[in-house]
**Q** 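Let me begin by handing over the structure; questions about it come next.
Every value quoted in this text rests on a predicted model; they were computed, and no experiment measured them. In each ligand, atom 1 is the first atom listed, and ligand 1 is the first ligand listed.
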Amino acid sequence: MLEIKNLHASLEEEGKEILKGVNLTVEAGKVHAIMGPNGSGKSTLSYVLSGKGGYEVTDGSATLAGADLLAMEAEERAAAGLFLAFQYPVEIPGVGNMTFLRTAVNAQRKARGEEEMDAATFLKEVRAKAKDLKIDAEMLKRPVNMGFSGGEKKRNEILQMAMLEPKMCILDETDSGLDVDAMKLVADGVNALRSPDRGFLVITHYQRLLDHIVPDVVHIMARGQIIKTGGPDLALEVERNGYADILAEVA
Ligand code: ADP
Ligand code: MG
Ligand code: MG
């Protein structure tokens, strides 16, 4: 579903290289996790894949279901089925949450050559999904993420993801700043979306989230590269011993 080969990317302004040859393949139906020390380039990887400005890809490739992601504009990537839940969800003043969701859903459907979702069906779906995530009606009316708590923003990201039905979901530290109950809601929301034709990349600092979203594969990222890959046990090893042993072993 997502294939990244030898991806190198630098900060456009300073020219500083952050991604130094990332190789990663996420198959449809699988959940891959990326863990790694602060500053290793995890968020940069998600930004570069999403098409956020400010980065220059200097080498390598990234494809989504075989299509060249790096050749697409950010909106085209989303329309092609890539979804990113950011570490810091953006607030959008003046745009109602419901309106935003409806526009995004219909843009997605249009890109897939499908008809718009009618208003009644949309309302029914959004309400049902919001209820599962304990997002109340009032939050659906407010401007996107404006004045939402950290936990509410993260749950709202999962609502967007549930409505968009993407092919490939990337979650960047969706667990950070969440209390145990909110994390459980987010994890349940993600698990409900697991499907044989959808891939997940879950970026997290802590094993905790991976107790709830059990990954098929765990990668460790450090200094702009994936330095080790293993099963769920690798996350437990990190939880017990930190990254020092793995970094030393690779060095
Ligand atoms: P992680 O998500 O793994 O903690 P990041 O991708 O956020 O790591 O950052 C990787 C490295 O790139 C860090 O050293 C960070 O300071 C640097 N970096 C990322 N974005 C910028 C930026 N816009 N300006 C300066 N340095 C940046
Ligand atoms: Mg960080
Ligand atoms: Mg980060």
**Q** Please state which option from G54, G39, G36 has its nearest heavy atom closest to atom 10 (C) of ligand 1.
**A** G39

**Q** State, to 0.1 Å, how close L185 and D132 come at their nearest heavy-atom pair, and which atoms those are.
**A** CD2-O, 3.6 Å

**Q** Mark the output for E13 as yes if a heavy-atom distance to ligand 1 is under 4.0 Å, and as no if none is.
**A** no

**Q** Hydrogens and angles aside, do Q207 and D211 bring a side-chain donor and acceptor to less than 3.5 Å of each other?
**A** yes

**Q** For I18, counting its heavy atoms only, list the atoms of ligand 1 lying under 4.0 Å from any of them.
**A** 10 (C), 11 (C), 12 (O), 17 (C)

**Q** Kindly assign one of parallel, tilted or perpendicular to the pair F86 and Y47, based on the angle between their ring planes and the thresholds 30° and 60°.
**A** tilted

**Q** Could you list which atoms of ligand 1 come closer than 4.0 Å to a heavy atom of N38?
**A** 4 (O)

**Q** If the cut-off is 4.0 Å to any non-hydrogen atom of L11, which atoms of ligand 1 fall inside it?
**A** 20 (N), 21 (C), 22 (C), 23 (N), 24 (N), 25 (C), 26 (N), 27 (C)

**Q** Identify the two heavy atoms, one from G36 and one from K42, that lie closest to each other, and give their separation to 0.1 Å.
**A** O-NZ, 3.0 Å

**Q** Tell me, please, whether F148 has K153 positioned over its six-membered ring: NZ or CZ under 6.0 Å from the ring centre and within 45 degrees of its axis?
**A** no

**Q** Could you pull out, from S46, S40, S43, the option with a heavy atom nearest to atom 7 (O) of ligand 1?
**A** S43

**Q** With E3 as reference, evaluate L69, L64, L24, T63 under the side-chain contact (heavy atoms from CB on, under 4.5 Å) test and give the passing residue.
**A** T63

**Q** Is the distance from the Mg ion (ligand 3) to some N, O or S atom of S43 under 2.8 Å?
**A** yes

**Q** Counting each atom of ligand 1 from 1 as listed, which ones have a heavy atom of E14 under 4.0 Å away?
**A** 24 (N), 25 (C)

**Q** Decide yes or no on side chain to side chain donor-acceptor pair (under 3.5 Å) for T58 and H8, but give the supporting numbers first.
**A** CA-CA 5 Å; T58 54; H8 288 255; 4.9 Å; no

**Q** Consider every N or O of G41 and every N or O of ligand 1, then say whether any pair is closer than 3.5 Å.
**A** yes

